[in-house]
Number of protein chains: 2
Amino acid sequence: MTTTSRKPRGEYAKTRTRRREILEAAVEVFSSSGFHKGSLRDVAERVGLSQPGLLHHFPSKEILLEAVLTWRDDQSRVLLGDPFPGGIDLLRGMVELARYNQGTPELVELHVMLSAEGTSHDHPLHQYFVDRYAEVFAMIDTAFRDAEAAGELKPGVECGSAARTLIALMDGLQVQWLLHREGVDMAGDLARYLQSILTVDL
Amino acid sequence: MTTTSRKPRGEYAKTRTRRREILEAAVEVFSSSGFHKGSLRDVAERVGLSQPGLLHHFPSKEILLEAVLTWRDDQSRVLLGDPFPGGIDLLRGMVELARYNQGTPELVELHVMLSAEGTSHDHPLHQYFVDRYAEVFAMIDTAFRDAEAAGELKPGVECGSAARTLIALMDGLQVQWLLHREGVDMAGDLARYLQSILTVDL
DNA sequence: GTCTATATACTGATAGAC
DNA sequence: GTCTATCAGTATATAGAC
């Protein structure tokens, strides 16, 4: 969906480099302005390209945004490790992810901006976000169930509710952190919540 | 800042009605499109007015948005009661607020949309959101401290962290709820979290 | 692969008649 | 108080030269 690099040799290295440059610039622009306000000209200028020049690599704004999102998802996947951890290791991974996010305000802005826009039913990426949240929920819900089976979850804690709560916490803390960077410790608050419902140390 | 109704009599009833109509329409438009993408023409059409006709009542787009936000704040204030409750009563009020929100998807969308946009440093309402979050934090932090003093808070719970967590939970659950309305019980999850750190029943 | 030029559409805001 | 007409700015996307 994103690269479709059919050519086998390294002949198109320049193109691949260009695409990566554009992708990085697009992250910056969509992060601070959102999808709607962020303009292709802005993105093009940052890589020293005209706007039609950019459209040669990504034929429409929406396609560019999709590429940005799959790139972002890949980043998270790399950070969490492959194959995905399960159970309490995944929960630890989420805290790590939050700690990593504290070093990349740009990615945090991108996520906050786009997931807000994505709630609109007529947004081009609405379905993407609906599906993505369902996936993330399933992943974390499973992790809690595994922890429960291993006796690592305090009795009385409902897995589904805990999964929703954890996700909400990650999203909500990001908004606060963007507004008050000094006063908010995302990873710390996340760890405190998890610790409060677990029977073992994180 | 919003009405400045200097005229004493009811002579301007029609104007006041118009302004309220416009405000409601603006909530709808800014809710689903955000501030940047939502257009004044959209708002004007919904009340059967031309776009310059609308600008007679609110001389600029930004002023209209400010009016929408103060209106929204007034709504919350009415719902929480005046004067504001403190301690555990405020925490109960937050759960009630979440329950109320589950009946007004439009207001939830407005909040999610605009607080995401507001994180951008160059957004016209950035400072508004910075200040507002600081206010809300102070309010809830105080409520937790009061609860702690009354022995209603479990030992080991840090008030500031709990306040940030509660706010993040409210914000984050709204995003999930907009994406998966059936599967998310905002008030329920909120109550479960609060109950887990309190020594008394909510 | 990148450009210039352009088509088309929409934006917020203003001028001025009624 | 509301309108029409309009301005100046910006957007995405396309056509076609090089």
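Naming convention: chains lettered A, B, ... in sequence-line order (proteins, then strands); numbering from 1 in each chain.
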What dot-bracket string describes DNA chain C from 5' to 3', counting Watson-Crick and G-U wobble pairs whose defining distances are under 3.5 Å, with [ ] for crossing pairs and | for pairs to another strand? |||||||.||||||||||
Rounded to whole angstrom units, what separation is found between the CG atom of B:Leu64 and the C1' atom of C:dA13? 14 Å
Pull out every residue in residues 23-37 of chain B that has a heavy atom closer than 4.0 Å to any atom of DNA chain D, ordered by number, or say none. none
Return yes if some donor-acceptor pair links the side-chain N/O of A:Lys37 with the main-chain N/O of A:Ser32 below 3.5 Å, else return no. no
Value in whole Å for how far the C1' atom of C:dG16 lies from CG of B:Leu55: 15 Å
Residues in side-chain contact (heavy atoms from CB on, under 4.5 Å) with A:Glu148, at least two apart? A:Leu153, A:Cys159
A:Leu40 has an atom CG; how far is it from atom C1' of C:dC10, in whole Å? 16 Å
A:His57 and side-chain contact (heavy atoms from CB on, under 4.5 Å): which partner among A:Ile63, A:Leu49, A:Leu64? A:Leu49
Can you figure out which of D:dT12, C:dA13, D:dT14 approaches the side chain of B:Ser60 most closely? C:dA13
Has B:Ser33 got a side-chain atom pairing as donor or acceptor with B:Phe30's backbone, closer than 3.5 angstrom? no
Validation row, ring centre B:Phe137 to ring centre A:His180 under 6.0 Å: no
Nearest-0.5 Å distance that lies between atom OG1 in A:Thr142 and atom CZ in A:Phe144: 11.5 Å
Exercise: do B:His36 and B:Glu117 side chains pair donor with acceptor under 3.5 Å: no
At a cut-off of 3.5 Å, list every protein nitrogen or oxygen paired with a nitrogen or oxygen from nucleotides 1-4 of chain D, distance to 0.1 Å.
unit_1 : atom_1 : unit_2  : atom_2 : d
D:dG1  : OP1    : B:Thr15 : OG1    : 2.4
D:dT2  : OP1    : B:Arg18 : NE     : 3.1
D:dT2  : OP2    : B:His57 : NE2    : 2.4
D:dC3  : OP2    : B:Ser50 : N      : 2.7
D:dC3  : OP2    : B:Ser50 : OG     : 2.8

Atom pairs, protein N/O to nucleotides 7-10 of chain D N/O, distance under 3.5 Å:
none

Any donor and acceptor pair, going by atom type alone, linking the side chain of B:Ser31 with main-chain N or O of B:Glu106 inside 3.5 Å? yes
Would you say A:Gln174's side chain and A:Val112's backbone share a donor-acceptor pair under 3.5 angstrom? no
For residues 187-197 of chain B, which residue pairs qualify under salt bridge (charged side-chain N to carboxylate O under 4.0 Å, His left out), counting only residues two or more places apart or in two chains? A:Arg164-B:Asp189, B:Asp189-B:Arg192
